[in-house]
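Structure first, commentary second.
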Amino acid sequence: MVAAYRRVGGDLPLVMVGDAPYATDFIAGMKRDADPRVRFPGTVFGEGYRGLLSSALATVHATEVGGTHPALVEAMGYGNCVLVNDEPANRETAGDAGVYFDVEDEASLAAAFEFARADPPRARDRGERAARRAAEEYDWDLVADQYERLFRSLTKR
């Protein structure tokens with residue numbers, strides 16, 4: 001992500017949220033090689049995290065496994081333009097709201113970054129599409145109702 005962002009113009013910051021205490025050398029190298037636009041706040045929870053989501057133009061989800069990722073749905077719900085690793089579960093989650101990239105191809109991720117940076121109104125439009133999709137497909141009441149119907153059908157057997 002950091003290497004791909006070097007290829008992107010402009011002055012928007014890239015905020016790398018999270019930490020991995022088991023990978024200190026890797027993180028130190030990433031920080032050392034990052035350009036000045038990249039910020040590393042570490043792990044952010046609660047209001048701080050919600051503040052980042054509510055002010056982001058786009059969020060990146062480079063996950064490769066794991067099904068429907070809650071962080072992706074959450075970012076969609078905040079109306080972020082979601083830049084998403086093109087793998088089946090992520091594609092099923094984000095649908096036509098996602099901007100897809102190949103996690104193995106730095107140029108592909110740089111192009112996704114550039115999509116958002118070069119035309120913020122278009123990125124915001126994609127974010128609005130993501131918010132609608134999250135509300136329609138991942139509403140907790142809807143999901144709970146579907147589970148209730150499933151469990152009732154199973155108990156009837």
- [ ] Would you please test Val84 and Val99 for side chain to side chain contact (heavy atoms under 4.5 Å, CB included) and show each step?
- [x] CA-CA 6 Å; Val84 189; Val99 176; over 6 Å; no

Open item on the list: Regarding Arg149 and Asp145, does a basic nitrogen lie under 4.0 Å from an acidic carboxylate oxygen?
Closed with: no

- [ ] Kindly say whether Asp33 contributes a backbone atom to a donor-acceptor pair with the side chain of Arg6 at under 3.5 angstrom?
- [x] yes

Task: From Phe115 atom CZ to Phe101 atom CZ, the distance as rounded to the nearest 0.5 Å - done: 13.5 Å

TODO: Kindly indicate whether the side chain of Glu92, heavy atoms from C-beta on, has any atom under 4.5 Å from the side chain of Thr68.
DONE: no

Open item on the list: Would Phe113 and Val60 count as a side chain to side chain contact (heavy atoms under 4.5 Å, CB included) here? Give the steps.
Closed with: CA-CA 9 Å; Phe113 279 133; Val60 179; 3.5 Å; yes

Task: Tyr138 six-ring centre to Arg133 NZ/CZ under 6.0 Å and within 45° of normal - done: no

TODO: Please name the pair of heavy atoms, one in Glu137 and one in Val143, separated by the smallest distance, quoted to 0.1 Å.
DONE: O-CG2, 4.5 Å

Open item on the list: I'd like to know if Tyr147 and Leu154 are part of one continuous hydrophobic network [Ile/Leu/Val/Met/Phe/Trp/Tyr, side-chain heavy atoms within less than 4.5 Å].
Closed with: yes

TODO: Taking only Lys NZ, Arg NE, NH1 and NH2, and the carboxylate oxygens of Asp or Glu, determine whether Arg152 and Glu148 approach each other closer than 4.0 Å.
DONE: yes

Task: Spacing of OG1 belonging to Thr59 relative to CD belonging to Glu74, to within rounding of 0.5 Å - done: 10.0 Å

Task: Distance (rounded to the nearest 0.5 Å) between His61 NE2 and Thr93 OG1 - done: 10.0 Å

Open item on the list: With a 4.5 Å cut-off on side-chain heavy-atom distances among I, L, V, M, F, W and Y, is there a chain of contacts connecting Leu72 to Tyr100?
Closed with: yes

Open item on the list: Looking at every heavy atom in both Ala112 and Leu83, which two are closest together, and how far apart are they?
Closed with: O-CD2, 3.7 Å

Task: Any donor-acceptor pair under 3.5 Å from Asn80 side chain to Gly127 backbone - done: no

- [ ] State, to 0.1 Å, how close Asp139 and Asp141 come at their nearest heavy-atom pair, and which atoms those are.
- [x] OD2-N, 3.1 Å

Task: Point-to-point distance, once rounded to the nearest 0.5 Å, from CG of Asp86 to CG of Asp105 - done: 11.5 Å

- [ ] Please report the shortest heavy-atom distance between Val82 and Met76, naming the atom on each side.
- [x] CG1-CG, 3.8 Å

Task: Of all pairs that satisfy side-chain hydrogen bond (donor to acceptor under 3.5 Å, both in side chains), the ones with a partner from residues 17-31, not counting sequence neighbours - done: none

Task: Value rounded to 0.5 Å, distance of CE in Met16 from CE in Met30 - done: 4.5 Å

TODO: Might you work through the side chain to side chain contact (heavy atoms under 4.5 Å, CB included) test for Tyr5 and Leu12, ending with a clear yes or no?
DONE: CA-CA 10 Å; Tyr5 204 68; Leu12 289 174; 3.7 Å; yes

- [ ] Would you kindly confirm whether Met1 and Val103 end up in one hydrophobic cluster when ILVMFWY residues are joined by side chain heavy atoms under 4.5 Å apart?
- [x] yes

Open item on the list: On a heavy-atom basis, which atom in Asn85 and which in Asn90 lie closest, and how many Å separate them?
Closed with: O-ND2, 3.2 Å

Task: Over all atoms of both residues, closest heavy-atom pair of Ala123 and Leu57 - done: CB-CD1, 3.8 Å

Open item on the list: I need the Arg117 CZ to Leu14 CG distance, nearest 0.5 Å.
Closed with: 13.5 Å

Donor-acceptor contacts, no H, no angles, side chain residues 39-47, under 3.5 Å, sequence neighbours left out:
{"residue": "Arg39", "atom": "NH1", "partner": "Pro36", "partner atom": "O", "Å": "2.8"}
{"residue": "Arg39", "atom": "NH1", "partner": "Arg37", "partner atom": "O", "Å": "2.9"}
{"residue": "Glu47", "atom": "OE2", "partner": "Arg50", "partner atom": "NE", "Å": "3.3"}
{"residue": "Glu47", "atom": "OE2", "partner": "Arg50", "partner atom": "NH2", "Å": "2.9"}

